[in-house]
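Before any comments, here is the structure.
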Amino acid sequence: MPREEKKTRSTPHPRSTPHPASTAARTTRIADSARVALGSLGVAALGFGAYELFTRTHSGDPLKVALWLGGAVALHDGLLVPLVLGAGLFVGRSRSHRALRGGLLTAGCLTLLALPLMLRPGKPNNPTVLPLDYPVDWALALALTALATACVAWATRPRPRRRDRPSHDS
């Protein structure tokens, strides 16, 4: 009778596979380095902006800029954030939340792109610079976005399952 050989599993050498703790530590070091680099870049950009503000503006302009920035923060925190949070609550409870999220994101991007054109001060001296009726075009783009969102929500709606009916071929 032939002898059966024992099969042994080959286990890798302990040093050949990275230890989970060392991998996590390396990832943390990389993330910390990236945070410091991006933070330093942000502080440098703020410093450059402050330098430009105070060296290239007239004497009363920094106060106007500070008022404008304060108004932007107030508008953001007082109007935009509550609207976005309310929309998030509404969308989160909806059955077709993915389609609504996409539609709201698209509508927000369209609005951000169209807002500077719609709020332009007065008529330009050259009529070919901004020749279109941007508020009407923006409303049309939003209507098409709403229509596309409704179509996607309808096409991806949850459908009731059909029960398998027994055949009556007996």
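When reading the values below, keep in mind they use all heavy atoms of this one structure, side chains included, and skip hydrogens, waters and symmetry mates.
Grouping the Ile, Leu, Val, Met, Phe, Trp and Tyr side chains by contacts below 4.5 angstrom, directly or via other members, places F54 with V65. Under the 4.5 Å side-chain heavy-atom criterion for ILVMFWY residues, a single connected hydrophobic cluster contains both M118 and L142. Residue Y134 is grouped with residue L115 when hydrophobic side chains (ILVMFWY) are merged at heavy-atom distances under 4.5 angstrom, including chains of intermediate members. Hydrophobic clustering (ILVMFWY, side-chain heavy atoms < 4.5 Å, transitive): V84 and L104 are in distinct clusters. L117 and L119 fall within a single hydrophobic cluster, where Ile, Leu, Val, Met, Phe, Trp and Tyr are joined by side-chain heavy atoms under 4.5 Å apart, directly or via other members.
Residues L89 and L85 are not in side-chain contact: their nearest non-hydrogen atoms beyond the backbone lie 4.5 Å or more apart.
In summary, of the residues considered (L79, L75, L80, V73), a side chain to side chain contact (heavy atoms under 4.5 Å, CB included) with D77 occurs for V73 alone.
A salt bridge is defined here as a Lys NZ or Arg NE, NH1 or NH2 lying under 4.0 Å from an Asp or Glu carboxylate O, and D32 with R35 meets this definition.
Between W138 and T111, the shortest heavy-atom distance links the atoms NE1-OG1, 3.2 Å. Nearest heavy atoms, G103 versus T145: O-CG2, 3.7 Å. Closest heavy-atom contact between T149 and A99: CG2-O, 3.4 Å.
L140 CG to L110 CG: the interatomic distance, rounded to the nearest 0.5 Å, is 10.5 Å.
By the 6.0 Å contact criterion, CZ on R157 is enclosed, its count of non-hydrogen atoms from other residues, nucleotides or ligands being greater than 12.
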